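Notes follow once the structure below has been shown.
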Amino acid sequence: MLTLKLIEENPAFVVERLKIKGVDVAETVQKIIDNNNLRKETQAKTDRLKSEMNRISKEIGLLFREGKKDEANKAKGRTTELKNEIKTLDTSFSEIGDELNALLITLPNIPHELVPEGLTEEDNLEVKRAGEIPQLVEKLPHWELIKKYDIIDFDLGTKLTGAGFPVYKGKGAKLQRALINFFLDEGEKAGYREVLPPIVVNEASGFGTGQLPDKEGMMYHITAENFYMVPTAEVPVTNIYRDAILDEAELPVKNMAYTPCFRREAGSWGAHVRGLNRLHQFDKVEIVQIVHPDKSYDVLDQMLTHVESLVTKLGLPYRILRLCGGDISFTSALTYDFEVFSAAQERWLEVSSVSNFENFQANRLKCRFKGKDSKKPELVHTLNGSALALPRIVAAILENNQTNNGIKIPDVLVPYCGFDIID
RNA sequence: GGAGAGAUGGCAGAGUGGUCGAAUGCGGCGGUCUUGAAAACCGUUGACCGUGCGAGCGGUCCGGGGGUUCGAAUCCCUCUCUCUCCGCCA
């Protein structure tokens with residue numbers, strides 16, 4: 001969430017900038033300011049009364065010690081009214097605080113100045129395109145290739161679970177494992193520490209990274225324990241640093257994790273989501289950084305370079321898009337999407353999304369750092385990106401590398417797979 | 001799943017109704033001594049909110065929430081977590 005300080009100091013700026021995200025928050029911002037003023041007034045009042053109460057309590061303590069029981073009991077009488085007043089004020093104080101919070105969490109992050117205007121994905125800005133689009137004579141879409149070579153089985157997954165939960169078989173399974181290991185090894189070379197987190201998380205974690213309360217519907221909910229299955233490793237990996245005060249010297253913190261990801265994707269099925277294009281369960285390696293506020297945009301570039309190296313090494317044609325105001329996520333200040341071209345579908349498929357959240361997530365997480373000379377802890381900046389999500393990469397590899405003899409495995413993956421062709 | 005014990009500052013650990021934001025030790029920071037360092041000694045050492053230009057002042061926080069009391073780290077209820085024993089089990 002946005003910091004109260006920013007809203008207090010520059011309400012017009014907040015309202016103006018959020019128009020780029022297609023929302024008008026003028027009313028909410030005004031309510032927040034009013035609410036905050038009321039909160040301050042209320043606190044000033046209660047603090048005064050509490051101070052008085054503390055004073056009397058101490059006096060009573062002293063009187064008892066000196067054995068002046070009558071005087072002490074007399075003093076007690078004066079506290080009854082005070083006590084009631086404090087209770088009433090305290091209640092309204094916490095109600096005001098709850099309301100304020102409820103308002104604050106409805107505001108999306110302020111988009112960075114580079115974010116293009118526009119409301120739909122049509123308005124995203126292509127900033128780079130590279131790689132050769134293969135010219136195929138005979139092109140089968142991946143959903144036919146997987147049947148032809150018997151490597152991924154959707155029907156079987158439907159039998160075991162339901163639609164969108166494929167079963168990977170033989171070389172198909174091994175290709176998954178190869179990609180995961182390749183991505184993790186590349187991440188390690190780039191300085192990321194591997195973590196293997198839980199893939200179910202509690203409510204506080206869901207809130208910390210912004211999936212809750214708004215996007216509750218995206219996650220599978222385990223109601224018996226009130227746990228959620230992770231839609232991305234971002235949730236557990238970022239929440240490691242919830243309620244943490246880091247030493248400035250520890251920054252940047254660079255973590256990565258492989259996890260399966262679970263998404264309900266309610267109501268988002270249609271013609272474009274055949275085969276591997278959209279799943280309820282898929283594999284992904286995620287990179288996460290926690291950095292000094294001054295460094296976050298350099299780090300964003302660094303992360304883009306890393307993701308770019310992955311698609312390049314896999315030999316996939318790709319483009320990089322800077323997301324426009326309407327397409328960028330609620331929590332992000334600046335996001336770049338990577339898309340690879342899948343030659344049989346003749347479509348660009350999103351395989352990575354790299355974002356700088358600035359201090360928006362950090363404020364929810366209460367993740368701060370303290371410098372050697374700084375008195376006050378300061379919010380960190382958080383960033384994350386997929387590096388990479390597997391299914392669409394697999395789709396593109398299968399489609400782009402198909403030959404009459406089988407599907408050629410990209411050179412970098414051959415050592416991981418132990419075979420160079422799927423036939 | 002059954003029985004019991006516990007949760008205190010960065011860590012260890014005292015504190016069972018009042019002057020406790022909390023002894024003590026370790027760690028951290030500053031200083032004295034030293035060519036430098038170590039040792040020793042002295043000082044210092046949390047977060048949040050409000051208020052003030054500021055020094056400061058006021059409030060809240062001893063796992064979370066609620067209660068008793070003039071007053072709660074301390075008593076009661078409840079939740080979560082940790083440990084020990086038993087059962088089950090990869």
Side-chain angles (χ1 to χ4, degrees), chain A residues 1-9 32-105 196-208 212 222-228 236 239-251 253 290 359 362-380:
Chain A
M1 60 185 159
L2 297 176
T3 60
L4 237 192
K5 199 174 165 213
L6 174 71
I7 298 167
E8 268 187 301
E9 287 174 359
I32 287 172
I33 290 170
D34 294 344
N35 206 297
N36 190 39
N37 288 334
L38 183 61
R39 194 188 111 253
K40 287 180 184 179
E41 279 172 37
T42 311
Q43 188 182 345
K45 268 188 229 160
T46 34
D47 281 1
R48 231 178 293 128
L49 296 181
K50 282 179 179 176
S51 176
E52 173 72 3
M53 189 70 157
N54 287 341
R55 216 202 73 237
I56 295 174
S57 288
K58 273 182 191 169
E59 262 176 36
I60 291 174
L62 281 173
L63 290 172
F64 269 123
R65 200 183 327 247
E66 290 165 15
K68 298 175 182 166
K69 258 195 166 166
D70 292 346
E71 278 184 59
N73 284 324
K74 216 184 287 168
K76 276 192 200 179
R78 289 190 285 143
T79 63
T80 319
E81 199 185 331
L82 259 182
K83 221 176 151 181
N84 287 333
E85 266 184 83
I86 288 173
K87 195 158 192 176
T88 311
L89 279 170
D90 252 347
T91 305
S92 66
F93 179 70
S94 70
E95 280 168 6
I96 292 162
D98 290 346
E99 267 169 53
L100 183 60
N101 243 345
L103 289 166
L104 273 173
I105 64 171
L196 188 61
I199 57 173
V200 292
V201 295
N202 58 29
E203 203 174 357
S205 295
F207 179 82
L212 293 176
I222 301 170
T223 50
E225 324 285 351
N226 196 23
F227 289 156
Y228 293 86
N239 272 282
I240 292 173
Y241 301 93
R242 171 152 46 88
D243 292 321
I245 299 179
L246 299 163
D247 196 322
E248 187 174 354
E250 293 175 64
L251 303 178
V253 173
I290 292 175
N359 67 17
N363 194 32
R364 282 183 165 229
L365 289 163
K366 296 281 167 292
C367 178
R368 292 163 294 172
F369 74 96
K370 209 169 173 180
K372 200 165 178 290
D373 302 315
S374 60
K375 272 209 179 102
K376 283 267 166 187
E378 193 183 334
L379 290 170
V380 297

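Computed from a predicted model, the values in this text were never measured in an experiment. In what follows, chains are A, B, ... by sequence order, proteins preceding strands, each numbered from 1.
- Across all strands shown, B:U82 is found opposite B:A5 as a Watson-Crick or G-U wobble partner, with both distances under 3.5 Å.
- At B:C49, none of the side-chain N or O atoms of A:Arg39 fall inside 4.0 Å of OP1 or OP2 (strictly under the cut-off).
- Residue A:Glu81 qualifies as open at atom CD: its count of foreign heavy atoms under 6.0 Å is 12 or below.
- Residue A:Lys58 is classed as having no contact, given no heavy-atom separation below 4.0 Å to the nucleic acid.
- Across all strands shown, A:Ile56 has no heavy atoms under 4.0 Å from either base or sugar-phosphate atoms.
- The gap from the C1' atom of B:A23 to that of B:C76 amounts to 28 Å, rounded to the nearest Å.
- Shown are A:Val380, A:Leu2, A:Leu379; of these, the side chain to side chain contact (heavy atoms under 4.5 Å, CB included) with A:Asn363 is made only by A:Leu379.
- Looking at heavy-atom distances under 4.0 Å, A:Lys366 makes no contact with the nucleic acid at all.
- Nucleotide B:U68: unpaired (no Watson-Crick or G-U wobble partner with both distances less than 3.5 Å).
- Among the nucleotides B:C70, B:A47, B:G58, the one closest to any side-chain atom of A:Pro377 is B:A47.
- Checking B:A22 for Watson-Crick or G-U wobble geometry (two distances, each under 3.5 Å) identifies no partner in any strand.
- Each of A:Ala44 and A:Ile60 has a nearest nucleotide on RNA chain B; the 5'-most of these lies closest to A:Ala44.
- Here A:Asn54 reaches the OP1 or OP2 of B:U60: one of its side-chain N or O atoms lies under 4.0 Å away.
- Here A:Lys50 does not reach the OP1 or OP2 of B:G58: none of its side-chain N or O atoms lies under 4.0 Å away.
- Listed nucleotides B:G50, B:G18, B:C48 differ in distance to A:Lys40; the shortest reach to its side chain belongs to B:G50.
- One interatomic measurement links the two molecules: CZ of A:Phe93 to C1' of B:G58, which rounds to 13 Å at whole-angstrom precision.
- Pair assignment for B:G17 gives none, since no Watson-Crick or G-U wobble pairing has each distance under 3.5 Å.
- Of the candidates B:C70, B:C48, B:U68, the closest approach to any side-chain atom of A:Phe64 belongs to B:C70.
- Comparing A:Arg48 and A:Arg368, the nucleotide of RNA chain B nearest to each residue sits closer to the 5' end for A:Arg368.
- Using the Watson-Crick or G-U wobble rule with both distances under 3.5 Å, B:C89 pairs with nothing in any strand shown.
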Residues A:Lys5, A:Glu8; criterion salt bridge (charged side-chain N to carboxylate O under 4.0 Å, His left out); working and verdict: CA-CA 5 Å; A:Lys5 199 174 165 213; A:Glu8 268 187 301; over 6 Å; no

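- At a threshold of 4.0 angstrom between heavy atoms, the contacts of A:Lys370 are confined to the sugar-phosphate backbone, with no base atom among them.
- Counting any heavy atom pair closer than 4.0 Å across all strands shown, A:Thr79 reaches sugar-phosphate atoms only and no base atom.
- A:Lys83 has a side-chain polar atom (N or O) that falls below the 4.0 Å cut-off from OP1 or OP2 of B:G71.
- No N or O donor and acceptor, one from the side chain of A:Asp47 and one from the base of B:G59, sit under 3.5 Å apart.
- Across all strands shown, B:U60 is found opposite B:A47 as a Watson-Crick or G-U wobble partner, with both distances under 3.5 Å.
- Taking atom C1' in both B:G43 and B:G4, one finds a spacing of 46 Å when rounded to whole Å.
- The partner of B:U32 is B:A40, by the rule that a Watson-Crick or G-U pair needs both atom distances under 3.5 Å.
- In a base pair of the Watson-Crick type (N1 to N3 plus N6-O4 or O6-N4) or a G-U wobble (N1-O2 and O6-N3), with each distance short of 3.5 Å, B:G52 is matched with no nucleotide.
- A:Asn54 and A:Ser51 share no donor-acceptor pair across their side chains, judged by distance under 3.5 Å alone.
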